[in-house]
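Take a look at the structure set out below.
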Amino acid sequence: MGIFGNLFGGNDDNKKEEKVLPWIPLTSLDQLDVIKEKSKTKTQFIYKHSTTCGISRMVMNTVISSYPLTEEEADLYYLDLHSYREVSNETGIRFQVMHESPQLLVIKNGITVAHASHGAINEIDFNKFL
């Protein structure tokens, strides 16, 4: 790192440790059946993300920083809706929600028990759905 990086806090000593969530990539239609089945014994969350939307990125960063659950408590799926548009469309059909982006779906016992979009995602109490 050059002198400017050191002067302005760019050295490695000042880096925050980034929180990593147990994201499960949602990339196939078959996974929707798995999610529905697994939701009978464990809460399933699906985060639909638009990689081209700044709001989607901001909301995702908030979810990352505030997500309180472990892999044992719930499954957390990440759906890149641009790369997997067919999966995104079918998610809306199977779980009976109108497509929005960003969007968070909460699946229990095979059905959507809650969903939110944009800033309302940050208001979801994940623990409430265990």
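This chain uses plain numbering: 1 for the first residue, then up along the sequence.
- Of all heavy-atom pairs spanning Val97 and His115, the tightest one is CG1-CD2, 3.5 Å.
- Between Ile35 and Gln44, the shortest heavy-atom contact is O-CG, 3.5 Å.
- A continuous path of ILVMFWY side-chain contacts below 4.5 Å connects Val59 to Trp23, so both sit in one hydrophobic cluster.
- The hydrophobic cluster containing Ile107 does not contain Phe126, counting ILVMFWY residues as joined when their side-chain heavy atoms lie under 4.5 angstrom apart, directly or transitively.
- Under the 4.5 Å side-chain criterion, counting only non-hydrogen atoms from C-beta, Leu29 is in contact with Glu86.
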Go through it in stages, so that I can follow the logic: the residues are Leu76 and Leu69, the test is side-chain contact (heavy atoms from CB on, under 4.5 Å), and I'd like the CA-CA distance, side-chain angles, deciding distance and then a yes or no. CA-CA 9 Å; Leu76 178 62; Leu69 305 178; over 6 Å; no
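- Linking Ile, Leu, Val, Met, Phe, Trp and Tyr residues whenever their side-chain heavy atoms come within less than 4.5 Å leaves Tyr77 and Tyr47 in two separate clusters.
- Taking both residues in full, the closest heavy atoms of Ser101 and Ser117 are given as N-OG, 4.2 Å, listed atom of the first, atom of the second, then distance.
- No side-chain heavy atom of Lys48 sits under 4.5 Å from any side-chain heavy atom of Tyr78.
- Within the 4.5 Å cutoff, side-chain heavy atoms of Asp75 are placed close to those of Lys38.
- Listed here is the closest heavy atom pair of Ser65 and Lys19: O-NZ, 3.8 Å.
- Asp33 and Arg94 are joined by a salt bridge, as a carboxylate oxygen and a charged side-chain nitrogen come within less than 4.0 angstrom of each other.
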As a quick check of understanding, evaluate side-chain hydrogen bond (donor to acceptor under 3.5 Å, both in side chains) for His49 and Ser56, giving each step before the final call. CA-CA 6 Å; His49 178 64; Ser56 192; 2.7 Å; yes
Carefully, step by step, assess Ile93 and Glu90 under the rule side-chain contact (heavy atoms from CB on, under 4.5 Å). CA-CA 5 Å; Ile93 293 167; Glu90 186 65 22; 4.0 Å; yes
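- Put simply, CG on Asp80 and CZ on Arg85 are 9.5 Å apart, with the number rounded to the nearest 0.5 Å.
- No more than 12 heavy atoms of other residues, nucleotides or ligands lie within 6.0 Å of NZ in Lys36, so this atom counts as exposed by the packing criterion.
- Ile124 is listed as a side-chain neighbour of Phe129, based on a closest heavy-atom distance under 4.5 Å.
- Between Phe95 and Leu32, some side-chain heavy-atom pair lies under the 4.5 Å cut-off.
- The backbone N or O of Tyr84 sits nowhere less than 3.5 Å from a side-chain atom of Ser88 that would complete a donor-acceptor pair.
- Between Ala116 and Ile121, the closest heavy-atom pair is O-CG1, 3.5 Å.
- The local environment of CG in Leu130 is crowded, with over 12 non-hydrogen atoms from other residues, nucleotides or ligands closer than 6.0 Å.
- There is a path of hydrophobic side-chain contacts, each under 4.5 Å, that joins Ile64 to Tyr67.
- By the criterion of side-chain heavy atoms lying less than 4.5 angstrom apart, applied directly or through intervening Ile, Leu, Val, Met, Phe, Trp or Tyr residues, Leu26 is not grouped with Ile111; the two fall into different hydrophobic clusters.
- Side-chain N or O atoms of Gln31 include one that pairs as donor or acceptor with a backbone N or O of Ser28 at under 3.5 Å.
- The two atoms that bring Leu81 and Ser50 nearest to each other are CD2-N, 4.0 Å, heavy atoms only.
- When Val87, Leu105, Ile24, Thr27 are each tested for a side chain to side chain contact (heavy atoms under 4.5 Å, CB included) with Leu79, only one passes: Val87.
- Annotation: side chain of Gln103 is not in contact with side chain of His118 (no heavy-atom distance under 4.5 Å).
- Between Ile46 and Thr91 the shortest side-chain heavy-atom distance falls below 4.5 Å.
- At a threshold of 4.5 Å between non-hydrogen side-chain atoms, the residues Thr70 and Glu73 count as touching.
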